[in-house]
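Shown next, in structure tokens, is the structure this report addresses.
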Amino acid sequence: MRREFINAVPDRDVVRVLVVDDHALFAEALMLTLGIDDRIEVVGSASSGIEAVSLAEALRPDVVLMDVHMPSMDGIEATRRVRNVSPGSRVVMVTAARSPEVAYHALAAGAERCLTKDTPAVSLIDAILDVPRRPPVARLVPSEARIAG
């Protein structure tokens, strides 16, 4: 990991992260990757949108890494709800889809960034460290909007 090229988060020692993905192997790989950087603390993981909302409310992470396509509640709706129950938590959407529609709905629901799952680890870490420094985004679409699939 090339830590020397990543900017530190000012006024904060550690960024607390909740990982949300229904694919266990990918979620575990994310947690291991993030655990290498001493500026990031993985505080929990969830495998569904419903679990993500509950954990975000209980843990109040700085950043939620949210998958888009999950059972029982997709990442778009979960993002909307996380922003309601834990307003200080920032969402970074992580998806396998390279769809402008998915990115639009993710950002409109309140996600700060929408990254693909093939994003290099150093870029993902940069995003996690960067979003707490920026003003939060506002929702752009009605709460009933959903992605297809």
Side-chain angles (χ1 to χ4, degrees), residues 1-100 102-139 147 149:
M1 183 92 15
R2 301 177 326 188
R3 290 186 193 164
E4 66 274 13
F5 297 112
I6 304 171
N7 295 326
V9 177
D11 303 327
R12 183 169 281 175
D13 293 333
V14 175
V15 176
R16 300 174 68 250
V17 177
L18 172 64
V19 174
V20 183
D21 199 295
D22 62 319
H23 292 96
L25 182 60
F26 185 76
E28 290 172 12
L30 273 177
M31 290 185 287
L32 287 170
T33 300
L34 298 177
I36 292 170
D37 195 301
D38 56 4
R39 297 166 297 168
I40 296 174
E41 176 187 3
V42 176
V43 295
S45 67
S47 60
S48 72
I50 292 170
E51 188 180 9
V53 174
S54 177
L55 284 175
E57 184 174 25
L59 299 172
R60 306 282 185 194
D62 300 311
V63 175
V64 178
L65 284 183
M66 181 82 71
D67 186 18
V68 172
H69 296 288
M70 294 181 290
S72 69
M73 180 190 299
D74 67 30
I76 304 297
E77 181 61 26
T79 294
R80 220 176 265 112
R81 292 185 187 189
V82 163
R83 293 290 306 271
N84 286 332
V85 302
S86 182
S89 296
R90 312 296 279 283
V91 177
V92 174
M93 195 67 67
V94 182
T95 180
R98 290 186 176 276
S99 162
V102 169
Y104 170 80
H105 285 291
L107 297 171
E112 303 291 328
R113 302 260 175 96
C114 189
L115 304 173
T116 58
K117 288 187 175 181
D118 64 352
T119 298
V122 75
S123 298
L124 176 64
I125 290 169
D126 279 344
I128 289 168
L129 296 174
D130 184 54
V131 296
R133 297 187 308 196
R134 302 196 179 278
V137 299
R139 283 191 238 177
I147 60 169

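Basis for what follows: all heavy atoms, side chains included, without hydrogens, waters or symmetry-related copies. Numbers here simply count residues along the sequence, with the first being 1.
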Check the pair I125, R39 against side chain to side chain contact (heavy atoms under 4.5 Å, CB included), reporting the backbone distance first and the verdict last. CA-CA 9 Å; I125 290 169; R39 297 166 297 168; 4.3 Å; yes

Heavy-atom pair with the smallest gap, counting every atom of [X] and [Y]:
{"X": "T79", "Y": "G110", "result": "CG2-C, 3.9 Å"}
{"X": "C114", "Y": "A103", "result": "SG-CA, 3.8 Å"}
{"X": "A109", "Y": "R83", "result": "O-CG, 4.3 Å"}
{"X": "A52", "Y": "L18", "result": "O-CD2, 3.8 Å"}

Reported [atom1]-to-[atom2] distance for the pair [X] and [Y], which is rounded to 0.5 angstrom:
{"X": "I76", "Y": "H69", "atom1": "CD1", "atom2": "NE2", "answer": "8.0 Å"}
{"X": "M93", "Y": "H105", "atom1": "CE", "atom2": "NE2", "answer": "11.5 Å"}
{"X": "D126", "Y": "T119", "atom1": "CG", "atom2": "OG1", "answer": "11.0 Å"}
{"X": "R16", "Y": "R60", "atom1": "CZ", "atom2": "CZ", "answer": "10.5 Å"}
{"X": "D67", "Y": "L30", "atom1": "CG", "atom2": "CG", "answer": "9.5 Å"}
{"X": "T116", "Y": "R98", "atom1": "OG1", "atom2": "CZ", "answer": "4.0 Å"}

Any salt bridge (Lys or Arg N to Asp or Glu O under 4.0 Å) pairs touching residues 19-33, not counting sequence neighbours? D21-K117

Which of these passes side chain to side chain contact (heavy atoms under 4.5 Å, CB included) with M66: V94, V82, T95, V92?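 Passing option: V82.
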
Is the shortest side-chain N to carboxylate O distance from D130 to R90 below 4.0 Å?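 Between R90 and D130 there is no salt bridge, as every charged N stays at least 4.0 Å from the carboxylate O atoms.
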
Under 3.5 Å, side-chain donor or acceptor atoms of residues 41-50 against the rest of the protein: list the pairs with distances, not counting sequence neighbours.
residue: S47; atom: OG; partner: E51; partner atom: OE1; Å: 3.3
residue: S48; atom: OG; partner: E51; partner atom: N; Å: 3.1

Qualifying residues under side-chain contact (heavy atoms from CB on, under 4.5 Å), relative to A127, sequence neighbours excluded: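 For A127 the side-chain contact (heavy atoms from CB on, under 4.5 Å) partners, ignoring immediate neighbours, are R113, L115.
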
I'd like to check the side-chain contact (heavy atoms from CB on, under 4.5 Å) partners of S54; sequence neighbours left out, ordered by chain and number.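 Per chain and number, S54 pairs via side-chain contact (heavy atoms from CB on, under 4.5 Å) with no residue.
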
Take I128 and D37 through the side chain to side chain contact (heavy atoms under 4.5 Å, CB included) test and state the conclusion after the steps. CA-CA 11 Å; I128 289 168; D37 195 301; over 6 Å; no

Worked verdict on V91 versus V64 for side chain to side chain contact (heavy atoms under 4.5 Å, CB included): CA-CA 5 Å; V91 177; V64 178; 4.3 Å; yes

Pair L65-L34, side chain to side chain contact (heavy atoms under 4.5 Å, CB included): steps then yes or no: CA-CA 11 Å; L65 284 183; L34 298 177; 3.7 Å; yes

